Amino acid sequence: MPVLLDRVDSTNTFLKTHFDDYPDGTMVAAMEQTAGRGRMGRSWHQKRGDGIASSVIFREIGAGFHAGAIGGLATLETVRSAVPEADFFFKWPNDVYCGERKIAGILSEGIWRSGKLCGVVCGIGINVNDEVSALEKIGRPATSLFALSGKKFEIKKLLPLLEKSLAAHYIKYKFERARLIGEWKRENRLIGKTVELIRPDGERFRAGISGIDDDGNLVAVHGGSVTLFGCGDVRIDAADIFK
Ligand code: BTN
């Protein structure tokens, strides 16, 4: 079992504060998270029993986005094993989707000392038992394992699955880095599609996605030229992704 906290503001904040107190690969989870954080300054709500809120320390990491790839692949494996009949996929950079709805998100935060990346805290949030009425209040299309399967899950039974998958993917990363990053790229269903990209300043544009480069950027073709898109959001709709 991971280090299990009953209630915390944010498992990412907790592990960043206690980065020196835990060894490489430690996973911390919380039954209730009161001030969860998401990408781009957003918040991540999680009531007791509704979802997985967990964070893991990766010390032997070459680049920040590699942590997202390890955490993302473990998340994908966990949701697939919980609801095998659902078609889960990555939406760059590390959201896990089913159809047009998000089920899980990842927040990787680098720990920098003297200008050097000495580790990453990789936070994983998964919607598990959320009712449809609660998901509708998020304000963005979202789903949960319950909404997809009609079944409720015991969080304490799912956590060891995620922990085991994280450990396996981290070992794979240490020994077969290119293979793991290749898997992460292949699971991103944006490649070959035309989608809307949204920069942090709000600028939006449609672009064709031709791939993901070795620094984790989307390679976007827009107005006849190639743009590397490394930070921002991607908006997808059924017409873009499933045609
Ligand atoms: C996103 O989709 O924007 C990323 C969401 C990440 C949420 C998880 S929940 C556990 C960990 N602790 C946090 O405060 N955030 C991450």
Side-chain angles (χ1 to χ4, degrees), residues 2-19 22 25-58 64-65 67-76 78-79 88-98 100-111 119-130 134-135 137-145 153 155-156 158-159 161-163 165-166 184 187-190 197-200 216 230-236:
V3 175
L4 189 56
L5 308 172
D6 185 57
R7 190 168 192 258
V8 73
D9 52 355
S10 148
T11 54
N12 262 38
T13 306
F14 177 88
L15 260 192
K16 280 167 72 183
T17 310
H18 296 281
F19 185 73
Y22 291 105
T26 301
M27 173 178 161
V28 169
M31 294 311 292
E32 186 180 349
Q33 186 174 248
T34 55
R37 295 181 289 105
R39 287 180 61 243
M40 322 230 349
R42 290 193 279 254
S43 52
W44 182 270
H45 300 284
Q46 194 219 278
K47 290 209 320 275
R48 180 172 296 272
D50 268 3
I52 287 183
S54 65
S55 302
V56 56
I57 291 180
F58 297 128
F65 86 91
I70 301 164
L73 285 165
T75 303
L76 206 50
T78 304
V79 294
F88 296 109
F89 64 94
F90 278 148
K91 184 187 81 123
W92 181 96
N94 283 308
D95 291 341
V96 178
Y97 266 63
C98 182
E100 289 175 275
R101 296 180 178 274
K102 176 164 164 169
I103 190 157
I106 300 207
L107 175 68
S108 293
E109 298 185 283
I111 308 292
V120 174
V121 170
C122 174
I124 298 170
I126 306 177
N127 299 331
V128 178
N129 292 322
D130 312 66
L135 294 165
K137 290 190 190 125
I138 292 175
R140 260 184 283 273
T143 190
S144 67
L145 296 179
F153 293 82
I155 303 297
K156 283 187 182 165
L158 288 179
L159 289 173
L161 299 184
L162 177 62
E163 187 181 38
S165 187
L166 280 166
W184 171 73
E187 293 282 7
N188 264 281
R189 210 168 280 179
L190 304 186
L197 300 181
I198 306 161
R199 295 194 197 278
C231 182
D233 255 341
V234 180
R235 210 184 65 81
I236 58 173

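Counting convention: from 1, in listed order, for ligands and their atoms alike. For the single chain, residues carry numbers from 1 onward in sequence order. Predicted model, so just to flag it, every value in this text is computed and none were measured.
Across every non-hydrogen atom of P200 and M40, the tightest pair is CA-CE, 4.1 Å. Nearest approach of I106 to G71, heavy atoms of both residues: CD1-C, 3.5 Å.
The atoms of ligand 1 that sit less than 4.0 Å from any heavy atom of G36 are 14 (O). Those atoms of ligand 1 with a heavy atom of R39 less than 4.0 angstrom away are 1 (C), 3 (O), 4 (C). Counting atoms of ligand 1 from 1 in the listed order, those under 4.0 Å from a heavy atom of R37 are 5 (C), 6 (C), 7 (C), 13 (C), 14 (O), 15 (N), 16 (C). In the vicinity of G123, heavy-atom distances shorter than 4.0 Å reach the ligand 1 atoms 11 (C), 16 (C). Those atoms of ligand 1 that come under 4.0 Å of a heavy atom in I106, given as number and element, are 4 (C). Heavy-atom proximity to S55, at under 4.0 Å, picks out these atoms of ligand 1: 11 (C). Under a 4.0 Å criterion applied to the non-hydrogen atoms of G38, ligand 1 contributes the atoms 1 (C), 3 (O), 4 (C), 5 (C).
At a 3.5 angstrom cut-off on N or O pairs, T11 counts as close to ligand 1. Among the atoms of W44, none of the N or O lies under 3.5 angstrom from an N or O of ligand 1.
Contact annotation for M40 and ligand 1: no heavy atom of the residue comes within less than 4.0 Å of the ligand. When heavy-atom distances to ligand 1 are checked against a 4.0 Å cut-off, S54 comes that close only through its backbone atoms N, CA, C and O. Of all the heavy atoms of D95, the ones lying under 4.0 Å from any atom of ligand 1 belong exclusively to the side chain. Of all the heavy atoms of Q33, the ones lying under 4.0 Å from any atom of ligand 1 belong exclusively to the side chain.
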Self-check item: Derivation and outcome, side chain to side chain donor-acceptor pair (under 3.5 Å), residues S55 and N12
Solution: CA-CA 6 Å; S55 302; N12 262 38; 2.6 Å; yes

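Summarising the local packing, CZ of R39 is surrounded by more than 12 heavy atoms from other residues, nucleotides or ligands at distances under 6.0 Å.
Under the 30°/60° scheme for interplanar angles, the aromatic rings of H18 and Y22 are found to stand perpendicular.
Here the straight-line distance linking atom CG of L166 with atom OG1 of T26 works out to 11.5 Å at 0.5 Å rounding. Once rounded to the nearest 0.5 Å, the distance linking CZ of R48 with CG of N129 reads 13.5 Å.
Nearest protein heavy-atom contact of atom 8 (C) of ligand 1 is G125 N, 3.6 Å. Nearest protein heavy-atom contact of atom 2 (O) of ligand 1 is K102 NZ, 2.5 Å.
Between E32 and K47 there is no salt bridge, since none of the side-chain N atoms of the basic residue sits less than 4.0 Å from a carboxylate O of the acidic one. Using a 4.0 Å cut-off between a side-chain N of Lys or Arg and a carboxylate O of Asp or Glu, R140 and D233 do not qualify as a salt bridge.
A donor-acceptor contact shorter than 3.5 Å links the side chain of S144 to the backbone of D130.
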